[in-house]
Colleague: 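First the structure, then my questions, so here it is.
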Amino acid sequence: DGSIVRIGDVDIDIARHVVRKSGVPIHLTPSEFDLLREFALHSGAVLTHRQLLERVRGAAAAENSQQLRVFIGHLRRKLEDDPARPNLIETVPGIGYRLKSAEPEL
């Protein structure tokens, strides 16, 4: 139904709020899932710190880039094969982050 986004070995089921890595369910907090959903809906596009924070935490949090770095760190630890050298969630210095492009559905 198009609500599942696959990036590498990570499946993001947006409608069901389920994330799997290599078929194994991964527990995400609501904020982590909301952040990952934004990435999935805009995979391949650079999302600014402000855009991500406003969409996930609301306008009042738009300036709290430290909070965003914490969430990104948590997602990387849960989803990346090597969090120190991320392959899925790329940092775009001075701008924001980009999720590797989703694979086309066959």
Colleague: Could you state the interatomic distance from OG (Ser31) to NE2 (His74), rounded to the nearest 0.5 Å?
Modeller: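 Rounded to the nearest 0.5 Å, the OG-NE2 separation comes out at 11.0 Å.
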Colleague: Tell me, please, which residues at least two apart from Glu38 pass salt bridge (charged side-chain N to carboxylate O under 4.0 Å, His left out).
Modeller: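 Applying salt bridge (charged side-chain N to carboxylate O under 4.0 Å, His left out) to Glu38 gives Arg55.
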Colleague: Return the set of residues passing side-chain contact (heavy atoms from CB on, under 4.5 Å) with Arg98 (not counting sequence neighbours), or none when no residue passes.
Modeller: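 Applying side-chain contact (heavy atoms from CB on, under 4.5 Å) to Arg98 gives Val46, Glu90, Val92.
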Colleague: If you round to the nearest 0.5 Å, how far is CG of Leu35 from CG of Leu28?
Modeller: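 So the CG of Leu28 and the CG of Leu35 are separated by 9.5 Å.
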Colleague: Can you name the closest pair of heavy atoms from Arg20 and Val18 and give their distance?
Modeller: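 Looking at all heavy atoms of both residues, the closest pair is NH1-CG1, 3.3 Å.
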Colleague: Looking at residues at least two apart in the chain, or sitting in another chain, which of them share a side-chain contact (heavy atoms from CB on, under 4.5 Å) with Arg85?
Modeller: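 Partners of Arg85 under the side-chain contact (heavy atoms from CB on, under 4.5 Å) test: Asp82.
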Colleague: Has His49 got a side-chain atom pairing as donor or acceptor with Leu68's backbone, closer than 3.5 angstrom?
Modeller: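 No, the answer is negative, given that no donor and acceptor are paired below the 3.5 Å cut-off.
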Colleague: Between Leu41 and Ile14, is there a side-chain heavy-atom distance shorter than 4.5 Å?
Modeller: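 Side chain of Ile14 against side chain of Leu41, heavy atoms only: contact under 4.5 Å found.
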Colleague: Begin with the C-alpha distance, continue with both residues' side-chain angles, and end with the deciding distance and a verdict on side-chain contact (heavy atoms from CB on, under 4.5 Å) for Arg37 and Ile12.
Modeller: CA-CA 8 Å; Arg37 181 189 62 226; Ile12 306 158; 5.7 Å; no
Colleague: So does Leu79 get a backbone contact from the side chain of Lys21, meaning a donor-acceptor N/O pair under 3.5 Å?
Modeller: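 Side chain of Lys21 to backbone of Leu79: a pair is present.
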Colleague: Indicate yes or no for a side-chain donor-acceptor contact from Lys78 to the backbone of His27 under 3.5 Å, with no hydrogens or angles considered.
Modeller: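 Checked: pair present.
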Colleague: Rounded at 0.5 Å granularity, tell me how far OG in Ser22 sits from CG in Asp81.
Modeller: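 Interatomic distance, Ser22 OG to Asp81 CG, rounded to 0.5 Å: 7.0 Å.
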Colleague: Students often mix this up, so state it plainly: with edges at 30° and 60°, are the rings of Phe33 and His17 parallel, tilted or perpendicular?
Modeller: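 Ring orientation, 0 to 90° scale: parallel.
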Colleague: Do Asp13 and Ser3 make a side-chain contact, defined as non-hydrogen atoms from C-beta onward lying under 4.5 Å apart?
Modeller: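 A side-chain contact under 4.5 Å exists here.
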Colleague: Between atom OH of Tyr97 and atom CG of Leu47, what is the distance when rounded to the nearest 0.5 Å?
Modeller: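 The CG atom of Leu47 is 11.5 Å from OH of Tyr97, to the nearest 0.5 Å.
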Colleague: Can any side-chain N or O of Glu54 pair as donor or acceptor with the backbone N or O of Gln51 at less than 3.5 Å?
Modeller: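 Pair absent, no side-chain N/O of Glu54 close to backbone of Gln51.
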Colleague: Measuring from atom CG of Leu88 to atom CZ of Phe39, what distance do you get when rounded to the nearest 0.5 angstrom?
Modeller: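 Answer rounded to 0.5 Å: 10.5 Å.
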Colleague: Looking at Asp11 and Arg6, is any side-chain nitrogen of the basic one under 4.0 Å from a carboxylate oxygen of the acidic one?
Modeller: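 A salt bridge is present here (some side-chain N lies under 4.0 Å from a carboxylate O).
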Colleague: Using modelled atom types and a 3.5 Å cut-off, is there a donor and acceptor pairing between side-chain atoms of Arg76 and backbone atoms of Ile89?
Modeller: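 It does hold such a pair.
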